[in-house]
Amino acid sequence: MTALDWTPNHGLPYEPVPYRPERMPADESLANAADLRRRMGERRTVRMFSSDPVPEQAVFDAIAVASTAPSGAHQQPWTFVLVTDPEVRRRVREAAEAEEQVSYEGRLGEQWLEALRPLGTDAVKPHLTDSPYLIIVFQQRFFLEDDGSIRKHYYVDESVGIAVGMLLTALHLAGLAALTHTPSPMRFLGEMLGRPRNEKAFAVIPVGYPADDCVVPNLHRKSLDQVLVRI
Ligand code: IYR
């Protein structure tokens, strides 16, 4: 990874430049929006992966899409660690499963376990070693200058959350399955992957094709009128 200044714009002053994208005709807007709605309606969180390889450039492209997300003060406070090394993955799985074991055996509490029941999840996480790729997303809580001093980053949770949403969308539209996995606590990831002290693990995202015998829970989504309020 190349070194960055504290902001990708190097602290330069405001410089307005023209932005005049060609306006999309309404029928094209409607067709695109309806098509995207249909395609995204087909996205499912997958926990059973094939180990078949996927086109690597599609994964790079999806990460590049994620990095176009809007962010607080345009600080782009994210790092995507792409892990394929089987030994590193074995260690990540071992540590994640150890934490999950404690969680499922009681740390989560009865109400949380009850909320998870329809998902059919447990402490065994084969996707951490089975999928061809693991994207571990880190949030940069602050910028670390070369001399060790710190510059604040703004709206880090929101920015990284938006970027991960765009990553999941891009992966799905490229025909790839993913899982938003948040082993808790995740501190072991920063240590294991040698990340600097300004970075905090945000999500672990296995990427690949669903296994031939993949199943997903029969979940239903809220309808538009359940989530949309018009005033
Ligand atoms: N992190 C655990 C538990 C878990 C929590 C939520 I909230 C989920 O939506 C799914 C799982 C796990 O990965 O199993």
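Note that ligands are numbered from 1 as they come in the structure, with each ligand's atoms numbered from 1 the same way.
When atom types are taken as modelled, the side chain of Lys200 and the backbone of Arg197 share no donor-acceptor pair closer than 3.5 angstrom. Panel note: side chain Thr169, backbone Gly165; a donor-acceptor pair is recorded below 3.5 Å.
Checked for salt-bridge contact, Arg117 and Glu114 miss the test: no charged N lies under 4.0 Å from a carboxylate O.
In the displayed structure, Glu28 atom CD is contacted under 6.0 Å by more than 12 heavy atoms of other residues, nucleotides or ligands.
The closest side-chain donor-acceptor pair between Gln75 and Tyr155, if any, does not fall under 3.5 angstrom.
Distance check, rounded to the nearest 0.5 Å: NE2 of His127 to CE of Met48 gives 11.5 Å.
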Polar pairs, ligand 1 vs protein, N/O only, below 3.5 Å.
unit_1   : atom_1 : unit_2 : atom_2 : d
ligand 1 : 1 (N)  : Glu100 : OE2    : 3.2
ligand 1 : 1 (N)  : Thr182 : O      : 3.3
ligand 1 : 13 (O) : Glu100 : OE2    : 3.2
ligand 1 : 13 (O) : Lys125 : NZ     : 3.3
ligand 1 : 13 (O) : His181 : ND1    : 3.1
ligand 1 : 14 (O) : Tyr104 : OH     : 2.5
ligand 1 : 14 (O) : Lys125 : NZ     : 2.5

